[in-house]
Amino acid sequence: MSGAAAGGASSCIGAAAASCSPAGSSYVAAGGEVGIAGRLPSRVLEHVFFFSYLDLYDLMRCSLVCWHWNNCLADENSEVWRSLCARSLSEEALRSDILCNLTTYKGKLKSYLHALSSHDCSRNVYVKKNSFTLHRNPIAQSTDGARGKIGFSEGRHAWEIWWEGPLGTVAVIGIATKRAAMQCQGYVALLGSDDQSWGWNLVDNNLLHNGEVNGNFPQCNNAPKYQCNGVRPQIGERIRVILDMDNKTLAFERGFDFLGVAFRGLPKACLFPAVSAVYGNTEVTMVYLGKPLDG
């Protein structure tokens with residue numbers, strides 16, 4: 001959409017909000033009086049008005065205008081979210097099974113906005129055109145990582161890590177602050193090498209923080225043991241990471257098995273999903289799921 005069109009749409013937000021909301025109120029209570037814009041049918045709002053032309057930020061603002069608009073945007077598979085998803089995500093991502101566990105267009109869009117960052121990573125890696133998969137170039141004597149685009153300082157969040165290809169001698173998944181390094185010399189466990197990151201080394205099955213091993217993980221019978229000799233997790237298998245900033249914990253799941261809490265007492269800081277790898281041409285996909293499902 002052109003800048004003029006975008007500006008016109010933004011102007012419509014203010015005008016519609018004024019007609020839809022009573023003076024001095026940011027939204028209309030259930031059963032309250034609404035203006036003409038507030039009485040337009042959902043299909044008109046989606047196609048004729050302007051919902052399908054706005055970006056995510058403006059749609060969030062629209063959801064606060066009145067109950068009617070909020071209800072229209074509450075359908076996460078509506079034409080509005082389908083249109084925005086189609087404009088934002090690559091065809092490669094939409095056609096692949098990367099987002100198969102996300103059943104709504106809004107969920108797919110949120111995952112895209114939380115994916116690994118192509119601007120906050122080692123110079124030896126890049127994010128592929130699907131926007132979700134990190135590829136590490138075959139650089140000798142280097143450990144390389146990447147952070148997610150968005151960090152978390154509150155709430156509960158879950159994302160999946162899909163490690164495609166050999167793990168190499170070190171393969172770590174976890175979290176990091178903005179201050180944690182995303183590249184270093186040699187083949188080391190980069191995540192967990194300082195007090196700014198926390199990681200699970202999938203090769204040695206141990207937990208790392210502040211340069212120290214914090215014990216084996218998971219502490220259960222028949223713990224999954226990923227090999228470094230070219231054997232990888234089963235195709236399609238994903239490891240789920242669960243960050244609870246309310247209780248300051250980091251936990252992991254594999255398949256349908258809860259592996260336990262790995263770290264407790266996390267700091268009150270903004271923590272980002274992160275990975276680090278050493279094997280040349282290995283690829284790691286991260287898919288943000290939203291709030292974890294309990295039970």
Side-chain angles (χ1 to χ4, degrees), residues 114-128 132-152 159-218 224-230 232-233 238-243 250-252 259 262-263 265-267 269-288:
H114 286 80
L116 291 170
S117 174
S118 59
H119 303 291
D120 193 8
C121 59
S122 165
R123 63 181 180 273
N124 299 323
V125 304
Y126 65 89
V127 177
K128 298 178 68 175
F132 293 90
T133 302
L134 174 148
H135 180 100
R136 182 189 179 276
N137 291 321
I139 305 298
Q141 291 301 315
S142 178
T143 301
D144 307 285
R147 261 182 293 262
K149 297 175 185 174
I150 299 177
F152 311 107
W159 59 91
E160 289 180 332
I161 298 293
W162 190 0
W163 204 289
E164 303 173 80
L167 297 175
T169 55
V170 184
V172 189
I173 62 176
I175 54 176
T177 70
K178 203 70 171 178
R179 296 170 57 190
M182 288 293 108
Q183 193 275 332
C184 69
Q185 294 298 312
Y187 301 136
V188 301
L190 183 57
L191 287 183
S193 63
D194 56 21
D195 63 352
Q196 300 297 310
S197 58
W198 296 255
W200 173 22
N201 184 357
L202 300 177
V203 176
D204 293 334
N205 272 355
N206 54 32
L207 300 175
L208 306 162
H209 175 60
N210 202 21
E212 299 178 351
V213 174
N214 287 8
N216 295 328
F217 186 86
K225 179 67 174 179
Y226 298 133
Q227 305 295 323
C228 62
N229 59 356
R232 65 176 184 175
R238 305 187 184 193
I239 301 172
R240 189 171 295 112
V241 187
I242 303 171
L243 176 64
L250 183 70
F252 295 94
L259 301 179
F263 295 98
L266 296 174
C270 188
L271 302 177
F272 294 76
V275 300
S276 68
V278 300
Y279 198 90
N281 293 320
T282 195
E283 296 186 341
V284 184
T285 299
M286 184 192 114
V287 179
Y288 177 75

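Residues: numbered from 1 along the sequence shown.
- In this structure a side-chain-to-backbone donor-acceptor pair under 3.5 Å is present from Thr282 to Pro166.
- Arg136 has its side chain out of reach of Tyr279: every pair of non-hydrogen atoms, C-beta onward, lies at least 4.5 Å apart.
- Considering only residues two or more places apart in sequence or on other chains, Asn137 meets the side-chain contact (heavy atoms from CB on, under 4.5 Å) condition with Tyr126, His135, Ile139.
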Atom pairs and distances, side-chain donor-acceptor, residues 186-194, under 3.5 Å, sequence neighbours left out:
unit_1	atom_1	unit_2	atom_2	d
Tyr187	OH	Gln141	N	2.8
Ser193	OG	Leu190	O	2.7
Asp194	OD1	Gln196	N	3.0
Asp194	OD1	Ser197	N	3.4
Asp194	OD1	Ser197	OG	3.1

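- Distance check: Glu212 CD to Asp195 CG gives 11.0 Å after rounding to the nearest 0.5 Å.
- How far CD of Gln183 is from OG of Ser276: 11.0 Å, rounded to the nearest 0.5 Å.
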Test log, rule side chain to side chain contact (heavy atoms under 4.5 Å, CB included), inputs Val203 and Thr169: CA-CA 7 Å; Val203 176; Thr169 55; 5.9 Å; no
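- To the nearest 0.5 Å, atoms NZ (Lys149) and OG (Ser118) are separated by 7.0 Å.
- Counting all heavy atoms, side chain and backbone alike, Gly148 lies closest to Phe272 at O-CD2, 3.3 Å.
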Working for side chain to side chain contact (heavy atoms under 4.5 Å, CB included), residues Leu259 and Phe217: CA-CA 8 Å; Leu259 301 179; Phe217 186 86; 3.9 Å; yes
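- Side-chain contact between Val125 and Val284 is absent, with no heavy-atom pair separated by less than 4.5 Å.
- Side-chain contact between Val213 and Leu208 is present, with at least one heavy-atom pair separated by less than 4.5 Å.
- Residues Asn214 and Trp200 form no side-chain contact, since every pair of their non-hydrogen atoms from C-beta on lies 4.5 Å or further apart.
- Counting heavy atoms from C-beta outward, Asn216 and Asn205 have side chains that stay 4.5 Å or more apart.
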Side chain to side chain contact (heavy atoms under 4.5 Å, CB included) evaluation trace for Thr143 with Val172: CA-CA 10 Å; Thr143 301; Val172 189; over 6 Å; no
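- Judged by distance alone, the side chain of Arg238 and the main-chain N or O of Met286 form no donor-acceptor pair under 3.5 Å.
- Put simply, the residue from Phe152, Trp159, Phe132 that forms a ring-ring contact (aromatic ring centres under 6.0 Å, His included) with Tyr288 is Phe152.
- At a threshold of 4.5 Å between non-hydrogen side-chain atoms, the residues Phe263 and Leu207 count as touching.
- Between the side chain of Arg147 and the main chain of Ala180, a donor-acceptor pair closer than 3.5 Å is present.
- The shortest distance between side-chain heavy atoms of Ile175 and Leu243 falls below 4.5 Å.
- With values rounded to the nearest 0.5 angstrom, Asp144 atom CG is found 8.0 Å from Cys184 atom SG.
- Atoms CD1 and CZ, from Ile161 and Phe252 in turn, are 9.0 Å apart once rounded to the nearest 0.5 Å.
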Side chain to side chain contact (heavy atoms under 4.5 Å, CB included) evaluation trace for Glu164 with Thr133: CA-CA 9 Å; Glu164 303 173 80; Thr133 302; 4.3 Å; yes
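- Atom CG in Leu250 sits 9.5 Å away from atom CH2 in Trp198 (nearest 0.5 Å).
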